[in-house]
Student: 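Can you keep this structure in mind? I'll have questions shortly.
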Amino acid sequence: MPTRKKPLKSAQRKPAAGAGPWDAALSPRRAGEKRYWLVKSEPDTFSFDALLSLPGQTTSWDGVRNFVARNFMRVGMRKGDRVFFYHSSTNPQAIVGICEVAKEAHPDSTAFDAKHHGYDPRSDPADPTWFMVDLHAIERLPRPVTLAEIKRTPALAAMAMLRIGRLSVTPVAPAEWDTIIALSRTTTA
DNA sequence: GCCAACGTTGGC
DNA sequence: GCCAACGTTGGC
């Protein structure tokens with residue numbers, strides 16, 4: 001009798017058909033298409049300045065333990081994509097900088113480390129559950145664009161970061177990206 | 001497969 | 001510090 005192997009997790013789940021308004025972020029790309037994203041970090045834990053102070057201004061974005069956020073990283077993000085760096089749980093909450101995807105998704109090693117708070121005993125090193133991308137800081141925004149400002153800007157009303165509460169990785173539409181860049185070049189009222 | 005309990009995120 | 005919104009877990 002042949003040995004039945006446990007199917008790979010990656011083969012178990014088919015993408016849900018019409019899963020939601022964020023499918024576009026995971027869909028196939030046109031040649032040369034660049035996409036945009038937003039990641040959150042609590043500045044007390046890891047700030048944009050902390051990233052700028054690292055050698056190479058690059059870090060592995062580990063610790064994501066939500067499947068939707070993981071899929072945005074693993075399926076959605078490609079090298080060269082631009083990423084807003086958002087400071088959460090601080091005053092004021094704001095987008096403060098720009099990164100780019102320096103390395104596409106690779107297994108999140110912290111999930112295998114029993115001493116790490118992100119340890120997940122169910123993540124099999126041979127078929128990892130959790131992934132991380134490497135982010136390289138490009139530049140600080142001319143000024144932070146606050147959550148309050150995002151909320152009161154009509155062109156940003158559909159932003160995933162407002163609609164999918166508490167998700168640490170979200171897609172940003174190109175027009176939203178441009179709007180936020182333009183806001184960051186204005187002076188606050 | 002349902003759903004209550006629980007944990008986490010993050011705005012306020 | 002509170003709590004709403006969700007995701008996850010586990011009993012049934």
Student: Measure the distance from CG on A:N91 to C1' on B:dG10 and round it to the nearest whole Å.
Tutor: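 Going from CG in A:N91 over to C1' in B:dG10 covers 13 Å.
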
Student: Pairing donors with acceptors under 3.5 angstrom, does anything connect the side chains of A:R70 and A:S168?
Tutor: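 Their side chains do not contain a donor-acceptor pair, so the 3.5 Å distance test is not met.
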
Student: Hey, what's the ring geometry for A:W61 with A:F46, parallel, tilted or perpendicular (30° and 60° as the breaks)?
Tutor: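 Perpendicular.
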
Student: Tell me: CZ of A:F67 to P of B:dG7, nearest whole Å?
Tutor: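 Taking CZ of A:F67 and P of B:dG7, I get 19 Å after rounding.
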
Student: Quick one: which of B:dG10, B:dG11, C:dG7 gets closest to the side chain of A:R166?
Tutor: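 Selected nucleotide: B:dG10.
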
Student: Mind calculating the distance between CD (A:E42) and P (B:dG10) to the nearest angstrom?
Tutor: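 After rounding, the reported distance stands at 7 Å.
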
Student: From CZ of A:R163 over to P of C:dA4, roughly how many Å is that when rounded to an integer?
Tutor: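 It is 21 Å, rounded to the nearest whole Å.
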
Student: For A:L147, which contact category applies under a 4.0 Å heavy-atom criterion: base, sugar-phosphate, or nothing?
Tutor: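 Sugar-phosphate: the residue A:L147, judged by heavy atoms under 4.0 Å, touches backbone atoms but no base.
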
Student: In terms of side-chain heavy atoms, does A:T58 have a donor or acceptor partner in A:D134 at a distance below 3.5 Å?
Tutor: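 On atom types as modelled, these side chains do not qualify, holding no pair under 3.5 Å.
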
Student: Can you check the A:I150 CD1 to B:dG10 P distance for me, whole Å?
Tutor: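 Rounded to whole Å, this separation is 14 Å.
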
Student: How close or far is atom C1' of C:dG7 from atom CG of A:D120, stated in whole angstroms?
Tutor: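 Going from CG in A:D120 over to C1' in C:dG7 covers 14 Å.
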
Student: Consider side chain to side chain contact (heavy atoms under 4.5 Å, CB included). Of A:I138, A:V83, A:I180, which one does A:I98 pass it with?
Tutor: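 Of the listed options, the one satisfying the test is A:I138.
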
Student: Would you tell me if any nitrogen or oxygen in the side chain of A:Y86 comes within less than 4.0 Å of OP1 or OP2 on B:dG11?
Tutor: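 Yes, A:Y86 has a side-chain N/O under 4.0 Å of OP1/OP2 on B:dG11.
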
Student: Give the rounded distance in Å between these two atoms: NZ of A:K151 and P of B:dG11.
Tutor: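 Distance check: A:K151 NZ to B:dG11 P gives 8 Å.
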
Student: Using atom CG of A:L162 as one end and atom P of B:dT9 as the other, report the distance to the nearest whole Å.
Tutor: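 Checked: the CG to P distance equals 19 Å.
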
Student: So, does A:K40 get its side chain near the phosphate of B:dG10, meaning an N or O under 4.0 Å from OP1 or OP2?
Tutor: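 Checking B:dG10 against A:K40, a side-chain N or O does come within under 4.0 Å of OP1 or OP2.
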
